Amino acid sequence: EMRKKEKRRGHRREQEHAMPNYEINYLHHDGTLACKFEAQCEDDNQAKVLAHAMKDHGHKGMEVWNGTSLVYQRPEVVR
């Protein structure tokens with residue numbers, strides 16, 4: 001019975017603290033995809049900081065996506 005309570009409590013805690021999934025893309029100089037990874041971050045700002053921290057010097061640009069929303073892009077593209 002103790003195990004069931006622990007599992008339920010853990011599951012509830014997991015739902016309460018669910019973080020959005022972010023996709024971080026790094027781009028070559030020609031704009032093609034160099035690499036990407038997914039991360040769980042508490043908010044857009046944490047995802048941006050992580051993207052910069054993980055950036056390799058060989059990558060020209062980066063994109064941070066929250067689902068289907070582009071939340072950050074470097075260099076910025078003026079449209």
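Hydrogens, waters and symmetry mates are skipped; everything else that's a heavy atom, side chains included, is used. Here the structure is a predicted model, which is why all the values come from computation and not from measurement.
With hydrophobic clusters built from ILVMFWY side chains whose heavy atoms lie under 4.5 angstrom apart, L27 does not share a cluster with F37.
Residues satisfying the side chain to side chain donor-acceptor pair (under 3.5 Å) criterion with Y26, sequence neighbours excluded, are absent altogether. For D30, the side chain to side chain donor-acceptor pair (under 3.5 Å) criterion is met by T32, not counting sequence neighbours. Looking at residues two or more places apart in sequence or on another chain, you find no ring-ring contact (aromatic ring centres under 6.0 Å, His included) involving H28. Checked against side chain to side chain contact (heavy atoms under 4.5 Å, CB included), D43 has the following partners two or more places apart in sequence or in another chain: N45, Q46.
The structure places NZ of K55 at 11.5 Å from CZ of R74, a figure rounded to the nearest 0.5 Å.
Nearest heavy-atom pair, I24 versus A47, reported as atom, atom and distance to 0.1 Å: CD1-O, 3.9 Å. Taking all atoms of both residues into account, the shortest heavy-atom contact from C41 to L50 is SG-CD2, 4.0 Å.
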Using residues 58-71 as the side-chain source, report each donor-acceptor pair under 3.5 Å to any protein atom, sequence neighbours left out, with the distance given to one decimal.
{"from": "E63", "atom 1": "OE1", "to": "N25", "atom 2": "ND2", "distance (Å)": "3.4"}
{"from": "E63", "atom 1": "OE1", "to": "W65", "atom 2": "NE1", "distance (Å)": "3.1"}
{"from": "N66", "atom 1": "ND2", "to": "Y22", "atom 2": "OH", "distance (Å)": "3.4"}

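Residue V49 shares its hydrophobic cluster (ILVMFWY side chains chained together at separations under 4.5 Å) with no other residue.
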